[in-house]
2 protein chains.
Amino acid sequence: MENPSEKTPAWWESLPSWLLTQTAHHAHRLVGDGFSSVGARGYHYRLLATLEESGPASQAALGRRSGIHLSDMVATINELADGKLVERAPDPSDRRRNVISLTAAGKRQLRRLEKRLAECQDELLAPLSPEERQGLTELLSRLLDHHNRRTGTPEER
Amino acid sequence: MENPSEKTPAWWESLPSWLLTQTAHHAHRLVGDGFSSVGARGYHYRLLATLEESGPASQAALGRRSGIHLSDMVATINELADGKLVERAPDPSDRRRNVISLTAAGKRQLRRLEKRLAECQDELLAPLSPEERQGLTELLSRLLDHHNRRTGTPEER
DNA sequence: AATGAATCATTAGTGCTTCCAACGATTCGT
DNA sequence: ACGAATCGTTGGAAGCACTAATGATTCATT
């Protein structure tokens, strides 16, 4: 949707689902640009952040904790390992597994990404007052929780 | 993100950009399912709705008004024309153009889609009170407006 | 201990939406 | 009449999420 130049008073533009997806599109673009300005993308950040807070772990475990699909972990780790941000070593205690761990460079990259991310939040919410920001966050949390319960985390197993 | 089964207390999950994109993901899924239950998708709805409120027009004009990229209009119109929901006729006054118009069947389909769409809004906002729904809508509108001004509608020409 | 079930890493491929680049054909501006 | 702009079309890219299949390894049950 690069060019809504001609007056576009489409009535559907006031639907919550539209407002939500379009605003999210802007958010996604902001964050994506922020990440790519340091040569990364969303999956990279999520994996690095998960690694820091879980410590070294197998790809499958990291996938579960970060919400990244097993099959996408492979490429993500490959890319990060190419840049020496992450290390992949076989697990001696379980030869099916690789143990992934964060390098010092990876930690530095993570700091950069966190900084960008914080800037993006501010840019995203620029027109809102602090109270409004908190209100929005709370409403969205409730919605997300509700829908995650219904579909996302089926409490499986 | 099908499987966040293992406790996933990732701290980034409280960031507005995350809440926004994830909630939007649910919204998108809800609406997409609603549409596909009558054999359509988002672009179909947007084009049909735009056609009804603008009347017959060229593909380029419809693209501008609906926010659908020129290159995506082709496939969208092909699909709708296959189902006789829309008609594509050469414009005698400008041989570069096609004139696209809505058929009776297209109008009926539009009514169906609007119905689904309304149902989806309700499902999407289920956990919120009427006041909260309005508050959310207003906050999102402000955000969207702000960002559209900065990037979306460059007031070009 | 043996066997079937589950887990792990990997490859390959799908879908959706948005966008870009390029192309001929046609029309417009000057 | 000329170059510039517009129109339709094709083909491709990216990001995110997900599906299916495979071989290797480990686990759980009898």
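All chains are named by letter (A, B, ...) in the order of the sequence lines, taking the proteins before the strands, and each is independently numbered beginning at 1.
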Chemist: Taking 4.0 Å as the cut-off, does a side-chain nitrogen or oxygen of A:R41 come that near to OP1 or OP2 on D:dC16?
Modeler: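 For D:dC16, OP1/OP2 do have a side-chain N/O of A:R41 under 4.0 Å.
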Chemist: Please figure out whether B:R97 or A:D91 has its closest DNA chain D nucleotide nearer the 5' end.
Modeler: B:R97
Chemist: Inspect the contact between B:R150 and A:E123 and indicate whether a charged nitrogen and a carboxylate oxygen are less than 4.0 angstrom apart.
Modeler: yes
Chemist: Please name all residues satisfying side chain to side chain contact (heavy atoms under 4.5 Å, CB included) with A:A27, sequence neighbours left out, ordered by chain then number.
Modeler: A:L124, B:S17, B:L20, B:T21
Chemist: Starting from P on D:dA17, measure out to NE2 on B:H26 and report it in whole angstrom.
Modeler: 11 Å
Chemist: Output the residues of residues 73-87 of chain B in contact with DNA chain D, where contact means a heavy atom of the residue under 4.0 Å from an atom of the strand; sort by number or write none.
Modeler: B:V74
Chemist: Which nucleotide, D:dG8, C:dT27, D:dG15, lies nearest any side-chain atom of B:D94?
Modeler: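 Nearest nucleotide to the side chain: C:dT27.
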Chemist: Below the 4.0 Å mark, does D:dT9 have OP1 or OP2 next to a side-chain nitrogen or oxygen of B:R88?
Modeler: yes
Chemist: Send over the distance from A:L62 CG to C:dC8 P, rounded to a whole Å.
Modeler: 11 Å
Chemist: Going by the salt bridge (Lys or Arg N to Asp or Glu O under 4.0 Å) test, which pairs reach into residues 90-101 of chain A, not counting sequence neighbours?
Modeler: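 Counting only pairs at least two positions apart or across chains, the salt bridge (Lys or Arg N to Asp or Glu O under 4.0 Å) contacts touching residues 90-101 of chain A are A:D94-A:R96, A:D94-A:R97.
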Chemist: Taking CD in A:Q134 as the centre, count heavy atoms belonging to other residues, nucleotides or ligands within less than 6.0 Å. Is the count above 12?
Modeler: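 Incorrect, the count does not exceed 12.
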Chemist: Closer than 4.0 Å, any side-chain N/O of B:R64 to the OP1 or OP2 of D:dC7?
Modeler: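 Answer is yes, contact under 4.0 Å.
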Chemist: Picking from C:dT10, D:dG15, C:dT18, which would you name as closest to the side chain of A:H25?
Modeler: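 From the listed options, C:dT18 comes nearest.
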Chemist: Report each atom pair, protein N/O against N/O of nucleotides 20-24 of chain D, whose distance is under 3.5 angstrom.
Modeler:
none

Chemist: Establish, with yes or no, whether the OP1 or OP2 oxygen of D:dA17 is under 4.0 angstrom from a side-chain nitrogen or oxygen of A:Y43.
Modeler: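 So the side-chain polar atoms of A:Y43 do come within 4.0 Å of the phosphate oxygens OP1 or OP2 of D:dA17, strictly under.
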Chemist: What pairs meet the side-chain hydrogen bond (donor to acceptor under 3.5 Å, both in side chains) rule with one or both residues in residues 99-108 of chain B, with sequence neighbours excluded?
Modeler: none
Chemist: Check whether any side-chain N or O of A:R46 sits under 4.0 Å from OP1 or OP2 of D:dG15, and answer yes or no.
Modeler: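 It does not, given that no N or O in the side chain of A:R46 lies less than 4.0 Å from OP1 or OP2 of D:dG15.
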Chemist: Quick one: which residue pairs count as a salt bridge (Lys or Arg N to Asp or Glu O under 4.0 Å) with a foot in residues 24-43 of chain B, not counting sequence neighbours?
Modeler: B:R41-B:E79
Chemist: Salt-bridge test for B:R65 and B:E53: reply yes if a basic N is under 4.0 Å from a carboxylate O, no otherwise.
Modeler: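 Answer for the salt bridge query: no.
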Chemist: Salt bridge or not between B:R133 and B:D122? Use side-chain N to carboxylate O under 4.0 Å.
Modeler: yes
Chemist: Which of the following nucleotides, D:dT9, D:dG15, C:dT18, is nearest to the side chain of B:N98?
Modeler: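 Nearest listed nucleotide: D:dT9.
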Chemist: Taking A:D145 as the fixed residue, which of A:R142, A:R149, A:H147 is the one that meets the side-chain contact (heavy atoms from CB on, under 4.5 Å) rule?
Modeler: A:R149
Chemist: For A:D72 and C:dT10, what is the distance between atoms CG and P respectively, to the nearest whole Å?
Modeler: 13 Å
Chemist: Under 4.0 Å from OP1 or OP2 of D:dT9: is there any side-chain N or O of B:Q59 that close?
Modeler: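 Answer is yes, contact under 4.0 Å.
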Chemist: Under 4.0 Å, heavy atoms only, any strand: does A:G32 hit a base, just the sugar-phosphate, or nothing?
Modeler: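 Nothing: the residue A:G32, judged by heavy atoms under 4.0 Å, touches no strand.
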Chemist: Take atom CZ of A:R65 and atom C1' of C:dC8, then tell me their distance rounded to the nearest Å.
Modeler: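 Spelled out: CZ on A:R65 to C1' on C:dC8 is 15 Å.
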